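Below is one structure; the comments refer to it alone.
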Amino acid sequence: MILLSPYLLLFLLLLPALWWLVRAIPPHPRQQRFPSLILLRRLSPVRQDAARTPLWLLLLRMVALALLVLAFARPLHLPGQDQQTPQKLVLILDDDWAATPHWDDRRKNALALGEATLRSGGRVTLLLNTPEADGHMPRPFQPGDRTALQQFLAGLSPHTWPGDRQTLARQLQALAPDLHGATVIALSNGLAQPGDEALRAALQPARRTEDVRWPRCDLIRLSIRQESQLTAQAETLPDCPEQTRRLLGMTLEKDGHFAVQADTPLPTGTWRTLPDPDHFDAFSLPSVSGPAGMVLLPGRTDQHRVGLLHINGDDAPLTGSGFYLTRALQAVIPYQEGTVDSLLPRHPDIIIATDGTLSDAGLSDILGWVRKGGILIRFAGPELARQSQQTMKDDDAALLPVPLLSGMRQLGGPMSWGSPQKLAPFPADTPFAGLTIPEDATVSRQLLAQPTDDLSRHVWATLTDGTPLVTARQEGGGLIVFFHITPTADWSSLPLSGLFPQMMERLITRTPIMQTKTGTNHTTSDALAPWRVLTLDKTLVPPSPAIRPLPSTTEQPVDALHQAGFYGGAAQHHPLNLADHQPPMADEAALGPIRAAGQATPEQPLWPPLMLLALGLILLDLYLSLGRAGLFRMARNATLSLGAGLLIVTQLQAATTGQPASAPQAPVPPAALAIRLAHIQTGNADTDEAVQQGLEGLTHFLNQRSTTHLDSPVGVVPGQDDLAFYPLLYWPVIPGTHLDPAGKTALAHYLQHNGMILIDEMGAGSAMDGTDGQATRTALRQAMEGLPIPPLARLTDQHTLSHTFYLLHDFPGRIAGQPVYVARQGNNDDSETVSPVIIGNADWAHAWAIDQNGEHPFAVIPDGENQRTLAYRFGFNTIIYALTGNYKNDQRHYPEMLKRLRNGDDDSPDDADESEAP
C-alpha cells in the first residue's frame with residue numbers, strides 16, 4: 001500500500017492537542033425541570049456534575065479524526081508486481097473476434113499494467129490491432145492519467161471481424177523513435193494472422209517484448225463446408241482436447257430474429273453432417289459469442305431484383321398509388337424505385353408498375369425486357385379504365401395478360417345495385433395457393449377481362465362471382481401479371497388486409513425467373529448489397545452506411561467493410577461467415593517471453609471506504625452528544641412538527657387548486673389557437689408585403705361572407721417554422737426563389753400529411769410583367785425538385801374547386817386568362833381526391849390586397865372590379881376546398897340520380913353503362 005498524499009499525515013500530530021482540549025473543557029451540565037418544590041426536598045444533597053468527557057467518547061472522536069486524516073492522505077492498495085515497472089510502456093491490445101474470450105480479463109490486465117507505469121511517472125501508449133467499422137485503424141492512445149486510461153478501456157468492445165496486423169506494424173514503425181528503450185507488452189489472442197512477421201519486425205527497436213496469453217483452447221470458431229453433404233466443425237487450435245458443445249439449428253423470422261428449431265451435440269475438432277440443412281437458416285454454438293459461434297446458410301429462395309416504377313405523388317399517405325404497395329414490399333425484399341430509363345440498366349428481375357407509370361415512351365423498352373425474361377407486375381386504375389382495347393397501342397396491349405373491357409365495373413355504392421365481392425379460394429396451381437383469405441377483403445371496383453376461349457388458363461385469382469382478380473401470361477421468355485384492381489384502398493379493401501403483402505411475397509419469391517442465357521443475366525460487375533450483419537450477441541441488425549457490397553465473383557473474406565451477415569436482400573439470404581475463405585486456425589508465434597495472464601487486480605483506492613467510516617463515526621458522536629445533552633428529544637419533536645406542518649400545507653394547497661403543483665407548461669404556439677392562412681416568404685420586401693396584404697383582404701372577405709373566422713395571416717419560412725398549423729400555404733414564386741434542403745423536407749412533409757399549397761407565378765411573362773417569364777419558370781422548377789408533386793391537369797369548371805361555394809367558369813386574379821393546374825384525376829374515377837397543389841400565374845395576391853384604409857392599392861386587368869370579385873370568389877372556394885376537401889364532389893351524381901327517379905320503378909334502364917353493371 002502507498003499514500004498518494006503522505007504529507008497530510010502530519011495532521012495526526014494534532015491528536016494530543018485534541019486530547020488535551022477535550023479533557024480541559026468538560027461538557028455542559030444537563031438541566032432538568034421539576035414540577036414541584038416538594039421534590040427538591042427529597043433530592044439527595046450530593047452534587048454529581050460531570051467533570052470531564054467519558055473515555056469511550058474521547059476514543060471515538062480520536063479514531064474518527066485519525067481516519068479522516070488517513071483518508072485525505074489517499075492510501076492506495078497495489079497488486080503484487082512480478083517485475084520492475086517500465087517507464088516507457090507500449091501496450092498492444094487485440095480487440096478482434098478472437099479476443100472475445102476473456103475480454104474483461106484483457107481489459108483488467110491492460111489497466112493494471114498501464115496504471116503501474118502512470119503511477120511511477122512513466123508514459124503509456126496503447127495500440128489496437130483491429131480497424132473500426134469504417135475501415136480506418138484507430139490511432140495510438142496516450143493517456144495522461146489513470147482515469148483517462150480507465151475510461152478509454154471501458155469504452156472498448158471486441159469487433160466481429162479479424163484484426164489487421166499489417167496496418168498495426170506500420171503504426172509501430174511510425175513510433176520507432178518512441179520504441180527505443182520501451183517495454184512492449186502484447187495482450188494477444190494467440191491466433192496466427194497475416195502480418196505477424198511484419199509485426200515482429202516492427203517491434204525490433206523495443207528494449208523488451210512480452211506476450212500475455214490466455215488459455216488457447218478456449219478459442220472456438222464454427223465453420224461449414226459443402227461437399228456431398230453440408231458439414232460443420234467447431235474448430236479449435238491444434239492439439240486441443242475434444243469438447244462437446246451444443247449446436248442449435250435456427251430459422252430466421254420475419255422480424256430478423258432467430259428461432260431455435262433443433263438441438264444436437266457437436267464435438268470440437270471433427271466434421272459432422274448437419275441435420276436437415278434445407279430446413280434451417282443458421283446454426284449456432286450458444287457457448288461461443290459473436291460470428292465465431294454462428295454460421296449462416298444460403299437463402300431458400302432465388303434472388304429476385306425488384307424495381308418499382310413511380311410517379312410524383314404516388315407515395316402520399318393513405319391515398320397515393322404506391323403507399324400500401326411500398327409497405328408490402330418492405331416486409332418482403334429490398335427494392336429500387338425509379339423510372340423505366342433508370343431501372344432497366346440495373347437489370348431487375350421483377351418490375352412493378354402502378355396505373356399511369358408506363359408512359360408511351362417506355363412501352364417498347366419494357367416489352368423487350370419482358371420478352372428477354374423479366375417479370376412485369378401491373379395494377380389497374382383510372383388510366384386503363386378509360387382506354388378501350390381497340391384504341392390501345394400494340395405495345396400497351398401486349399403488356400396485358402388478357403384483353404380488357406372498356407370502362408370500370410362498380411360493385412356497391414349509390415351508382416350500382418350490386419354489393420362488393422369477396423375473394424374466391426386460390427387455385428392450387430398458382431403462387432397464391434394455400435393463402436388464407438380474410439373475411440373482410442372485398443372488391444368494389446375492377447376492370448373486367450374480355451371473355452375468350454383461353455381466359456381460364458391465365459386466371460390466378462378470382463372473385464366469388466368468377467370474374468378475374470389476377471391474371472398472368474407468358475410473353476416471350478418473361479411473364480406478365482396483372483391485378484384487375486388498384487393497389488390502393490379506393491377499389492378494394494385488399495391492400496388494407498394482411499393478405500396483400502403475402503400475395504406480393506408469393507409473387508416475388510415463388511414466381512420463377514425465366515431469363516434466357518443471352519438475356520438480362522447479371523454482369524460480372526454485379527455486387528450484393530448488405531442486408532443484415534451479425535453482432536456480438538448473434539442478432540441481425542441493419543448495416544452501417546460504411547459497409548460495402550459483397551462482390552459476387554470473388555472470394556471476399558470477412559473484414560471491417562464486409563462484415564459477417566446476409567447480403568443480397570431478404571428474398572435470398574446470401575451469407576458471409578467468419579470462417580469463409582479463411583485458412584485453418586493456427587497458433588501465433590510468441591513475440592517474446594510468454595506471461596500467463598491471471599485474474600489481474602488493478603490498484604484499489606482505499607480512501608473512499610476510510611472517508612465513509614470517518615463520517616459514520618462523526619455522525620455517531622453527534623448523535624450520542626445530543627442524547628447526553630437532552631437535545632435529541634427536542635430535535636425529534638421539532639422534526640415531527642416540521643413534517644406535520646409541511647403535510648398540512650401540502651393538503652391545503654391541493655384542496656385549494658384541485659390538483660398538485662406541476663411544472664410550467666410550454667407556451668402554446670399562436671397558430672395552434674386559431675385558423676390562419678400563411679404565405680412563404682420570398683425575401684423580397686415588396687412581394688412579401690403585397691402578399692401579406694392580399695391574404696389580409698381574402699381573410700376579411702371570407703369572414704364577412706361565411707361563419708368561418710380566420711385570424712390574421714402570417715409569413716413563414718419552411719424548415720424554420722412549423723407548417724402543420726396552416727391549412728393553406730400561398731407560395732409566390734419570383735426569379736431567384738429557392739429552398740434549402742431543410743425547407744424542401746418541411747414542404748414535402750407538409751404535402752404528405754394533407755397540406756395544400758397555392759403556387760402563384762405572380763403574372764410572370766404577362767403584359768404587366770414585362771419579361772418572358774423564363775427566369776420565374778426556371779426558379780419554379782428548381783424549387784419543386786424533390787417535392788411530391790403529383791401529375792397535373794388544367795383546372796376546369798367540372799372540378800370540385802370550381803363549385804365548392806361559388807360556381808366559377810374562370811379563375812382570374814390581377815391578370816385574366818391565365819391557366820390554373822391541379823392534380824390530375826381519372827375520367828372514370830368517381831372518388832376525386834383532393835389536390836395538394838394548385839399552380840397558376842394569375843397574381844391573385846395583388847387582386848385580393850387591401851391597405852390599412854381598406855382600399856385596394858393594385859388595379860386588376862382588364863375587367864376591373866368585376867374581375868376582382870371573381871378573384872375573391874376563387875380565393876373563397878380555395879379556402880373552403882382546403883378546409884373541407886371534396887365534399888361537393890357528389891354533385892356530379894345529381895343528373896344520374898334525377899334520371900333514375902324519373903324512371904320510377906324501373907331498376908334496369910336500357911341505356912345503363914355496362915361498366916356499372918353489378
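Quick note: numbers below take in every heavy atom, side chains included, and nothing from hydrogens, waters or symmetry partners. Quick caveat: nothing in here was measured; it's all calculated off a predicted structure.
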Checklist entry - If you look only at pairs with a residue in residues 728-746, which of them pass as a side chain to side chain donor-acceptor pair (under 3.5 Å), with sequence neighbours excluded? => result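 Those involving residues 728-746 are Y730-D760.
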Next on the checklist: Test: side chain to side chain donor-acceptor pair (under 3.5 Å). Region: residues 682-691. Which pairs qualify, not counting sequence neighbours?
Outcome noted: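 Matches after skipping sequence neighbours: T682-D688, N684-T687.
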Next on the checklist: Could you walk me through whether T467 and D465 satisfy the side-chain hydrogen bond (donor to acceptor under 3.5 Å, both in side chains) test, starting with their C-alpha distance in whole Å, then the side-chain angles of each, then the deciding distance to 0.1 Å, before giving a yes or no?
Outcome noted: CA-CA 6 Å; T467 55; D465 61 359; 2.8 Å; yes
Under the ring-ring contact (aromatic ring centres under 6.0 Å, His included) rule, collect the residues that match up with [X], sequence neighbours excluded.
| X | answer |
| --- | --- |
| F874 | F811, W844 |
| Y335 | none |
| H700 | none |
| H679 | none |

Gap between atom [atom2] of [Y] and atom [atom1] of [X] - 0.5 Å precision:
| X | Y | atom1 | atom2 | result |
| --- | --- | --- | --- | --- |
| I352 | I377 | CD1 | CD1 | 4.5 Å |
| L729 | L758 | CG | CG | 10.0 Å |
| E337 | T339 | CD | OG1 | 11.5 Å |
| L795 | T800 | CG | OG1 | 10.0 Å |
| I485 | D355 | CD1 | CG | 12.5 Å |
| D851 | Q693 | CG | CD | 6.5 Å |

Checklist entry - Quick one: are L367 and L399 in side-chain contact, heavy atoms under 4.5 Å? => result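 Of all side-chain heavy-atom pairs linking L399 with L367, at least one is under 4.5 Å.
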Item to check | Beyond-backbone contact of P468 with F482, side-chain heavy atoms, under 4.5 angstrom | outcome: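 Contact flag for P468/F482 side chains = no.
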Checklist entry - Above 12 or not: heavy atoms from other molecules or residues under 6.0 Å from CD of Q852? => result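 Atom CD in Q852 is not crowded, with 12 or fewer foreign heavy atoms closer than 6.0 Å.
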Check for a donor-acceptor pair, side chain of [X] on one end and backbone N or O of [Y] on the other, with a separation under 3.5 Å.
| X | Y | answer |
| --- | --- | --- |
| D772 | G765 | no |
| D711 | R676 | no |
| S835 | A823 | yes |
| S444 | W491 | yes |
| D797 | S802 | no |
| Y750 | Y726 | yes |
| Q692 | P713 | yes |

Taking side-chain contact (heavy atoms from CB on, under 4.5 Å) as the test, write out the residues that go with [X], two or more places apart.
| X | answer |
| --- | --- |
| F876 | F701, L702, R705, S706, F805, Y806, I880 |
| P727 | I675, L883 |
| P812 | D810, A816, Q867, L870 |
| A748 | L787, P788 |

Checklist entry - For E865, which residues count as a salt bridge (charged side-chain N to carboxylate O under 4.0 Å, His left out) partner, sequence neighbours excluded? => result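 For E865 the salt bridge (charged side-chain N to carboxylate O under 4.0 Å, His left out) partners, ignoring immediate neighbours, are R868.
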Next on the checklist: Using the salt bridge (charged side-chain N to carboxylate O under 4.0 Å, His left out) criterion, which residues pair with R814? Sequence neighbours excluded.
Outcome noted: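 R814 satisfies salt bridge (charged side-chain N to carboxylate O under 4.0 Å, His left out) with no residue once adjacent residues are dropped.
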Next on the checklist: Just to verify, which of H484, R409, Q410, Q421 counts as forming a side-chain hydrogen bond (donor to acceptor under 3.5 Å, both in side chains) with Q446?
Outcome noted: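 Of the listed residues H484, R409, Q410, Q421, the side-chain hydrogen bond (donor to acceptor under 3.5 Å, both in side chains) partner of Q446 is R409.
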Next on the checklist: With side-chain contact (heavy atoms from CB on, under 4.5 Å) as the criterion, how do V834 and M756 come out once you've worked through the C-alpha distance, each side chain's angles and the decisive distance to 0.1 Å?
Outcome noted: CA-CA 9 Å; V834 178; M756 184 178 295; 3.6 Å; yes
